[in-house]
K.L.:
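The structure is given below, and queries will be raised subsequently.
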2 protein chains.
Amino acid sequence: MKLSKKGEYALRALIELGIAQEVGRELVQVTELAGSKQIPIKFLEQIMVDLRGAGWVESRRGKFGGYRLRVPARSLPIGQIVRAIEGPLAPIGCVSQSAYEPCSCPDEDHCGLRMLMMDVRNAIAGILDRYTLADVVEVTLRKMRRDGLPLPYADSHVAPRPVAVPVSAARRRSAAAPASPIFPARLAPVEGLIKDLFEDYTI
Amino acid sequence: MKLSKKGEYALRALIELGIAQEVGRELVQVTELAGSKQIPIKFLEQIMVDLRGAGWVESRRGKFGGYRLRVPARSLPIGQIVRAIEGPLAPIGCVSQSAYEPCSCPDEDHCGLRMLMMDVRNAIAGILDRYTLADVVEVTLRKMRRDGLPLPYADSHVAPRPVAVPVSAARRRSAAAPASPIFPARLAPVEGLIKDLFEDYTI
DNA sequence: TCATACCCTACCGAAATAATCAACTATCCA
DNA sequence: TGGATAGTTGATTATTTCGGTAGGGTATGA
Ligand code: FES
Ligand code: FES
């Protein structure tokens with residue numbers, strides 16, 4: 001039931017990019033994404049390539065280059081990210097919705113393990129498919145603001161060149177190009193920490 | 001978020017032993033546990049050694065030997081089994097209750113990923129720590145009876161020798177020897193398939 | 001004493017992980 | 001114009017884990 005380092009780094013990078021976007025920062029470079037956070041830079045680089053391949057981020061090369069989100073964070077459920085990077089959410093093949101495959105049990109319908117794991121899968125998917133990248137970003141920023149922490153990416157040195165130049169990507173890879181301009185509303189949160197934080201209106 | 005083959009086989013073996021116990025079968029041999037279920041015998045053998053090391057099963061050697069449960073199935077939460085075979089339930093070290101270890105994030109308290117994964121961990125643990133081996137066995141047997149299937153291990157050839165001879169294990173390894181004679185009651189089930197089946201009183 | 005079935009140790013190939021190295025490219029400034 | 005610089009991209013490699021084999025050793029009961 002483990003998330004691999006790759007998955008962890010990918011999610012953290014996407015969250016960081018979401019935060020950057022939220023506070024108005026144009027581009028963030030890999031060095032900065034990894035910086036101070038102990039993520040091995042070169043490893044993160046090749047993870048970013050995967051994320052670009054998936055169509056979720058775009059990059060600009062050369063000096064003052066970097067990455068930024070290519071899709072609205074609200075349209076990107078965490079479950080989709082995990083599935084793309086890590087594989088199916090289900091702990092066992094025979095209960096996977098997205099990638100079912102029969103296991104060796106003689107009778108799936110009367111397998112207690114299957115019933116149990118079905119419940120586990122639904123619990124996991126219930127959380128990861130309900131929250132989007134935007135939710136996680138929002139919850140992070142709210143907590144930071146509440147505790148009076150300085151927000152990251154607050155327009156540091158790299159800033160200017162105000163004109164939004166078209167960025168390199170999206171040429172070769174036609175990949176997933178969703179970008180429906182309508183942002184879906186936030187789904188109701190499930191029980192848990194995140195729900196508590198969303199409902200803490202003292203903030 | 002995957003369960004390894006080893007974990008899957010271990011759980012299936014324990015469930016089978018639980019069923020065997022429930023229908024009055026004394027011992028089940030590895031060949032039979034693996035038989036018809038495509039589990040590689042030699043692999044299962046060494047998994048059984050682990051289970052014995054954990055104190056959950058005991059074995060009798062020699063002709064007409066085999067395995068059986070050593071602890072009441074009701075006292076064995078699935079979560080414990082998974083933790084022992086697979087490691088912590090938490091998807092990420094910084095949200096593990098049983099094996100916490102800090103991750104490389106600079107500030108755990110304001111990490112959105114951590115909050116999210118905490119919810120996931122709690123959801124998983126909420127299921128796996130609530131149901132015991134006995135619950136899974138019961139749910140399996142109920143479904144089989146309801147559909148009129150023949151129960152397995154219905155006193156086949158190996159049966160007799162009614163005297164319960166003390167079995168080999170529990171000598172070298174002093175391991176976990178719980179065996180409180182009081183069977184804990186079943187905890188209230190959480191939402192899900194298993195709960196539905198438990199509440200289906202038409203059976 | 002023989003057959004059976006658990007027990008132990010070693011090994012192996014493949015895949016996933018984590019990280020490194022070596023190019024390549026866009027931008028800037030002289 | 002032509003490096004120099006800062007950054008991305010692709011290929012490669014070392015390490016560990018996973019899933020499984022193989023073979024012999026040992027206790028036990030018939
Ligand atoms: S049917 Fe998949 S574990 Fe039994
Ligand atoms: S604190 Fe563990 S992922 Fe951020």
Side-chain angles (χ1 to χ4, degrees), chain A residues 2-10 13 26-35 38-53 57-68 85-87 92-93 103-104 157-158 160-161 163 165-169 171-173, chain B residues 1-10 12-13 17 26-35 38-53 57-68 70 85-87 103-104 157-161 163 165-173:
Chain A
K2 262 229 159 340
L3 194 71
S4 70
K5 287 290 176 198
K6 184 174 175 182
E8 177 191 327
Y9 295 157
E26 264 292 302
L27 292 167
V28 186
Q29 35 207 33
V30 174
T31 317
E32 202 174 356
L33 278 176
Q38 321 293 66
I39 303 182
I41 294 177
K42 290 300 187 177
F43 189 26
L44 182 56
E45 268 179 13
Q46 71 189 25
I47 292 173
M48 296 310 291
V49 172
D50 289 350
L51 297 184
R52 193 166 60 90
V57 303
E58 55 191 356
S59 63
R60 161 188 246 151
R61 307 170 66 149
K63 202 174 181 183
F64 300 136
Y67 282 93
R68 74 171 159 204
I85 302 285
E86 297 267 331
I92 207 174
C103 61
S104 48
H157 51 97
V158 181
R161 196 174 48 226
V163 182
V165 190
V167 184
S168 72
R171 257 178 317 191
R172 293 182 290 281
R173 295 181 171 81
Chain B
M1 324 293 285
K2 264 231 160 337
L3 194 72
S4 70
K5 286 291 176 197
K6 183 173 176 183
E8 177 191 327
Y9 295 156
R12 274 164 63 183
L17 287 183
E26 264 291 303
L27 292 166
V28 186
Q29 23 207 13
V30 172
T31 318
E32 203 175 354
L33 278 177
Q38 321 292 66
I39 303 182
I41 293 177
K42 284 298 195 178
F43 191 24
L44 182 56
E45 263 183 17
Q46 65 191 24
I47 292 173
M48 296 311 290
V49 171
D50 289 349
L51 297 184
R52 193 167 59 90
V57 304
E58 57 191 356
S59 62
R60 161 183 263 155
R61 306 171 66 149
K63 207 174 178 180
F64 300 134
Y67 282 93
R68 74 171 159 204
R70 183 166 162 246
I85 302 284
E86 298 266 331
C103 62
S104 48
H157 52 97
V158 181
R161 196 173 48 227
V163 182
V165 189
V167 184
S168 74
R171 257 177 318 190
R172 293 181 290 283
R173 297 181 172 81

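Naming: A, B, ... by sequence-line order, numbering from 1 per chain.
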K.L.:
Ignoring backbone atoms, establish whether A:Ser59 has a side-chain N or O less than 4.0 Å from OP1 or OP2 of D:dT9.
P.N.:
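So the side-chain polar atoms of A:Ser59 do come within 4.0 Å of the phosphate oxygens OP1 or OP2 of D:dT9, strictly under.
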K.L.:
Hey, are the side chains of A:Leu27 and A:Phe64 touching, using non-hydrogen atoms and a 4.5 Å cut-off?
P.N.:
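With C-beta onward as the side chain, the pair stays apart.
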K.L.:
It should be established whether B:Arg52 places a side-chain nitrogen or oxygen under 4.0 Å from OP1 or OP2 of nucleotide C:dC8.
P.N.:
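Yes, within the criterion.
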K.L.:
Rounded to the Å, how far apart are B:Ile47 CD1 and D:dT21 P?
P.N.:
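Between P of D:dT21 and CD1 of B:Ile47: 12 Å.
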K.L.:
For A:Leu44 and D:dT9, give me the distance from atom CG to atom P, rounded to whole Å.
P.N.:
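Whole-Å distance recorded here is 12 Å.
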K.L.:
Counting only side-chain heavy atoms from C-beta out, which of D:dA6, C:dA18, D:dG19 sits nearest to B:Phe43?
P.N.:
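That would be D:dG19.
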K.L.:
Take atom CD of B:Glu32 and atom P of C:dT4, then tell me their distance rounded to the nearest Å.
P.N.:
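Computing the B:Glu32:CD to C:dT4:P distance gives 16 Å.
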K.L.:
At their closest point, which heavy atom of B:Leu17 faces which heavy atom of B:Tyr67, and how far apart are they?
P.N.:
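Taking every non-hydrogen atom into account, CD2-O, 3.7 Å.
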K.L.:
Any N or O donor-acceptor pair under 3.5 Å from the base of C:dC7 to the side chain of B:Gln46?
P.N.:
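No, no donor-acceptor pair under 3.5 Å.
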K.L.:
Under 4.5 Å between any side-chain heavy atoms of B:Lys42 and B:Glu45, yes or no?
P.N.:
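In short, these two side chains touch, coming nearer than 4.5 Å.
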K.L.:
In whole Å, what is the span from the CD atom of A:Glu26 to the P atom of D:dG7?
P.N.:
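So the CD-P distance, A:Glu26 to D:dG7, works out to 16 Å.
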K.L.:
Between A:Glu45 (CD) and C:dA22 (P), how many Å, whole number?
P.N.:
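One finds 15 Å between P of C:dA22 and CD of A:Glu45, rounded.
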K.L.:
Just the rounded figure in Å: distance from C1' of C:dC8 to CZ of B:Arg61.
P.N.:
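Rounded to the whole Å, the gap is 9 Å.
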K.L.:
Atom CD1 of B:Ile41 and atom P of D:dT21: how far apart are they, to the nearest Å?
P.N.:
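After rounding, the reported distance stands at 10 Å.
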K.L.:
Please work out if A:Lys42 contacts a base, only the sugar-phosphate, or nothing of the nucleic acid, heavy-atom cut-off 4.0 Å.
P.N.:
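Result for A:Lys42 = base.
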K.L.:
CD1 of A:Ile85 versus C1' of C:dA16: gap in Å, rounded?
P.N.:
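Going from A:Ile85 (CD1) to C:dA16 (C1'), I get 14 Å.
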K.L.:
Identify which nucleotide among D:dT8, D:dA6, C:dA18 has an atom closest to any side-chain atom of A:Lys5, counting heavy atoms from C-beta outward.
P.N.:
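Selected nucleotide (nearest to the side chain): C:dA18.
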K.L.:
Using every non-hydrogen atom in the two residues, find where A:Glu26 and A:Arg68 come nearest and quote the distance to one decimal.
P.N.:
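Heavy-atom minimum between the residues: OE1-NH1, 2.5 Å.
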K.L.:
Would you name the heavy atoms of B:Lys6 and B:Asp50 that are closest together and state the gap between them?
P.N.:
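Heavy atoms of B:Lys6 and B:Asp50 come nearest at NZ-OD2, 3.1 Å.
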K.L.:
Answer yes or no: does a side-chain N or O of B:Tyr9 lie under 4.0 Å from OP1 or OP2 of D:dG20?
P.N.:
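The answer is yes; a side-chain N or O of B:Tyr9 sits under 4.0 Å from OP1 or OP2.
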